Amino acid sequence: MSLPVAELHMHIEGSLEPELIFELAERNSVTLPYRDIDDLRSRYEFTDLQSFLDLYFANMQVLRTEQDFADLARAYFARAAQGGVAHAEIFCNPQAHMARGVSLEVVIDGIMDAVSASEREFGLSSGVIAAVLRDRPVREAVDMLADLLAMRAPIVGIGLDSAEVGNPPSLFEDVFARARAEGLHTVAHAGEEGPPEYIWQALDLLGAERIDHGVRALEDPELVRRLVDEQIPLTVCPLSNVRLRVVDTMAVHPVRRMMTEGLVVTVNSDDPAYFGGYVDDNFTALRDAVDLTDGERDILARNSIRASFASEARKSELLAAR
Ligand code: ADE
Ligand code: ZN
């Protein structure tokens with residue numbers, strides 16, 4: 001038996017499968033601009049991050065009620081548990097929903113409903129990270145954090161995602177300072193499409209405890225040294241990198257080179273409904289394309305558990321489970 005995995009980088013809205021999109025559209029009387037599921041699936045061909053984000057945000061319109069968010073998260077937990085995930089830290093994008101009139105309470109309460117049930121149903125522990133949309137006004141992020149704190153949302157941290165290039169971490173220094181002061185964990189997407197400089201900023205200006213993606217760190221040897229010295233985990237998403245053309249093919253994905261350099265690498269699904277699979281599918285793709293061994297898979301699984309924000313007791317339990 002192999003070690004269980006902690007999934008540390010997935011966007012819950014990115015686990016919205018085509019079937020559920022159609023089911024929720026029907027439930028909420030939303031007219032979709034697609035003829036059928038095949039027509040929708042034919043659009044899952046991306047040229048870069050923005051081409052994906054356009055579809056990702058468009059499809060979210062079917063999410064309206066607490067029940068919708070609970071159903072979405074429950075479907076993810078069920079599928080993730082089946083694929084060997086025992087702990088998950090999931091991103092949500094409240095601003096994307098608030099901007100179209102869905103309240104923060106609906107988003108958080110719906111997701112939390114599934115979070116509590118997943119412990120009971122699947123033995124899967126989890127935490128929610130509210131991610132700031134970096135391509136929207138800084139003021140909106142400030143307000144979202146204030147709202148989350150005011151409602152005492154049971155989130156474990158704050159993240160930073162969406163269109164990276166031109167939206168550097170430095171813009172969000174104050175928001176992240178407030179989050180840290182309130183005892184929240186901080187993570188940030190950096191070095192996916194953006195330059196190594198954004199990873200430096202995420203560390204130095206945002207106090208990011210983990211870097212989401214970070215594959216472009218390899219372009220800067222001094223940065224690699226820093227990440228290795230401080231053992232900053234990188235939440236790498238191989239299938240996502242191929243589908244968004246961050247790397248050319250899985251065969252040339254730098255995951256092994258990153259491990260050899262001494263980086264703390266973890267494997268994650270990012271947006272599993274859009275990029276061809278869940279965490280186990282990412283491991284399978286690496287096994288097939290770069291001959292990732294069972295031993296290497298165990299190292300990556302162990303890294304993910306250690307890099308998680310789970311309690312020390314939970315981490316020990318997972319590290320001992322085989
Ligand atoms: N939001 C959802 N998926 C994302 C990704 N891969 N990069 C940035 N923002 C995202
Ligand atoms: Zn992501």
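Positions are given from 1, in the same order as the sequence printed here. Note that these values count all heavy atoms, side chains included, but never hydrogens, waters or copies made by symmetry. Counting starts at 1 for both ligands and their atoms, following the listed order. Remember, it's a predicted structure, so these values are computed and weren't measured experimentally.
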Taking the Zn ion (ligand 2) as the center, what protein N, O or S atoms are found at less than 2.8 Å? His9 NE2, His11 NE2, His189 NE2, Asp270 OD1
Short list, please: which atoms of ligand 1 are under 4.0 Å from a heavy atom of Phe52? 2 (C), 3 (N)
Tell me whether the centres of the aromatic rings in Tyr274 and Tyr44 are closer together than 6.0 Å. yes
Can you pull out the closest protein heavy atom to atom 7 (N) of ligand 1? Residue, atom name and distance to 0.1 Å, please. Glu192 OE1, 2.7 Å
Nearest heavy-atom approach of Ala88 to Tyr76 is CB-OH, 3.8 Å
In terms of side-chain geometry, is the basic nitrogen of Arg27 or Asp71 positioned less than 4.0 Å from the acidic oxygen of its partner? yes
Among Asp270, Leu49, Asp271, Leu133, closest by any non-hydrogen atom to atom 6 (N) of ligand 1: Asp270
Are any of the side-chain nitrogens in Arg79 or Asp280 under 4.0 Å away from the carboxylate oxygens of its partner? yes
Start with the C-alpha gap between Leu234 and Val264, add the side-chain angles, then the distance that decides, and say whether side chain to side chain contact (heavy atoms under 4.5 Å, CB included) holds. CA-CA 6 Å; Leu234 305 180; Val264 181; over 6 Å; no
Among all protein non-hydrogen atoms, which one is nearest to atom 9 (N) of ligand 1, and what is the separation to 0.1 Å? Ser162 N, 2.8 Å
Side-chain donor-acceptor pairs under 3.5 Å in residues 191-198, sequence neighbours left out?
residue	atom	partner	partner atom	Å
Glu192	OE2	His213	NE2	3.2
Glu193	OE2	Leu49	N	2.8
Glu197	OE2	Gln201	NE2	3.2
Tyr198	OH	Gly166	N	3.1

Check ring pair (Phe, Tyr, Trp, His ring centres under 6.0 Å) between Phe283 and all other residues, then give those that pass, not counting sequence neighbours. none
For ligand 1, which atoms sit closer than 4.0 Å to a heavy atom of Asp161? 1 (N), 9 (N)
Does His213 have a non-hydrogen atom less than 4.0 Å from ligand 1? yes
Ring centroid separation for Phe52 and Phe275, is it under 6.0 angstrom? yes
Holding to side-chain hydrogen bond (donor to acceptor under 3.5 Å, both in side chains), I want the full list of residues that pass it with Glu182, two or more places apart in sequence or in another chain. Arg178
How close does the nearest protein non-hydrogen atom get to atom 1 (N) of ligand 1, and which residue and atom is it? His11 CE1, 3.5 Å
